Amino acid sequence: METTYILSQIDSVALRIIESTKSNILLFYGDMGVGKTTLITSLAKQLGVTENISSPTFSIVNEYRTLDNKIIYHFDAYRINQEEEILDLGFEEYIEQGDWIFIEWPEKIASFIPENSQKAYISMNEIGERLIKLT
């Protein structure tokens with residue numbers, strides 16, 4: 001099933017995504033600067049993270065705890081040059097834990113992404129609205 005949202009009300013969209021997703025692994029596709037980290041920040045907030053969320057571009061993965069002590073892992077694979085590099089970070093162990101996992105630039109590590117992951121495509125339409133399509 002495919003659903004498209006306009007990201008003008010990002011917090012309500014984030015809540016709808018959480019309520020409707022069939023997977024704890026969410027993949028975020030989109031051009032640089034389109035709003036992937038912004039949406040992930042809102043998702044984390046809706047899940048109960050109170051600390052500041054930042055893009056893990058240089059660290060590759062950031063870990064956040066929710067108010068009910070659940071863990072969210074936020075990956076940014078942008079700087080990955082060869083897919084296998086993600087394995088050096090213990091990626092397979094993260095995936096197996098069952099925690100929330102948000103991945104920006106998942107196309108860079110496509111061979112290691114579980115099939116049951118939820119995909120989110122973020123783009124801009126002709127009038128400058130940010131759109132998110134879930135598949």
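All of these numbers come straight from a predicted model, not from anything done at the bench. All values below were derived from every heavy atom in this structure, side-chain atoms included, with hydrogens, water molecules and symmetry-related copies excluded.
For the atom pair CG (L15) and OG (S42), the distance works out to 8.5 Å, reported to the nearest 0.5 Å. Residue E51 holds its CD atom at 14.5 Å from NZ of K45, rounded to the nearest 0.5 Å. Here the CG-CD distance, from D88 to E85, works out to 7.5 Å after rounding to the nearest 0.5 Å. For the atom pair CG of L43 and CD1 of I72, the computed distance is 8.0 Å after rounding to the nearest 0.5 Å. With rounding to the nearest 0.5 Å, the separation of CD in E84 from OG in S111 is 7.5 Å. Between I10 atom CD1 and T41 atom OG1 the span is 8.0 Å, to the nearest 0.5 Å.
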| field | Audit row: V49, R65, side chain to side chain contact (heavy atoms under 4.5 Å, CB included) steps and yes/no | value | CA-CA 6 Å; V49 173; R65 289 206 178 265; over 6 Å; no

| field | Working for ring pair (Phe, Tyr, Trp, His ring centres under 6.0 Å), residues Y94 and F75 | value | CA-CA 10 Å; Y94 286 104; F75 286 85; 5.1 Å; yes

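Applying the ring-ring contact (aromatic ring centres under 6.0 Å, His included) rule to Y64 yields no partners; only residues at least two apart in sequence or on another chain are considered.
Remark: K133 is positioned above the aromatic ring of Y121, its terminal NZ or CZ atom under 6.0 angstrom from the ring centre and at most 45 degrees off the axis.
The two residues A44 and I53 have their closest heavy-atom pair at CB-CD1, 3.8 Å. Annotation for I113 and F91: closest pair CD1-CZ, 4.3 Å, computed over non-hydrogen atoms.
The main-chain N or O of Y78 is never found under 3.5 Å from a side-chain atom of E104 such that the two would form a donor-acceptor pair. Checked by atom type and distance alone, the side chain of N62 never pairs as donor or acceptor with a backbone atom of H74 at under 3.5 Å. At least one donor-acceptor pair closer than 3.5 Å links the side chain of S23 to the backbone N or O of N116. Side-chain N or O atoms of E96 include none that pairs as donor or acceptor with a backbone N or O of E93 at under 3.5 Å. Here the side chain of S20 pairs a donor or acceptor atom with the backbone of R16 at under 3.5 angstrom. When atom types are taken as modelled, the side chain of K36 and the backbone of G30 share a donor-acceptor pair closer than 3.5 angstrom. Without hydrogens or angle criteria, S117 side chain to P114 main chain gives a donor-acceptor distance under 3.5 Å. Distance alone, capped at 3.5 Å, is enough to place a donor-acceptor pair between the N125 side chain and the G128 backbone. Without hydrogens or angle criteria, N24 side chain to D99 main chain gives a donor-acceptor distance under 3.5 Å. At least one donor-acceptor pair closer than 3.5 Å links the side chain of R130 to the backbone N or O of V34.
Hydrophobic clustering places L47 together with L134 (ILVMFWY residues linked when any side-chain heavy atoms are closer than 4.5 Å, directly or through intermediates). The hydrophobic clustering, which links ILVMFWY residues whose side-chain heavy atoms are closer than 4.5 Å, places L39 and F102 together. Residue I60 is not grouped with residue W100 when hydrophobic side chains (ILVMFWY) are merged at heavy-atom distances under 4.5 angstrom, including chains of intermediate members. At a threshold of 4.5 Å between side-chain heavy atoms, the hydrophobic network of Ile, Leu, Val, Met, Phe, Trp and Tyr places I109 and F28 in two separate groups. A continuous path of hydrophobic side-chain contacts links L27 to I101 [ILVMFWY only; heavy atoms under 4.5 Å].
Taking 4.5 Å as the limit, some side-chain heavy atom of I17 sits within range of a side-chain heavy atom of I132. Looking at Q118 and I25, their side chains never come closer than 4.5 Å, going by heavy atoms from C-beta outward.
In the model, Y73 has a side-chain atom that pairs as donor or acceptor with a side-chain atom of Q97 under 3.5 Å.
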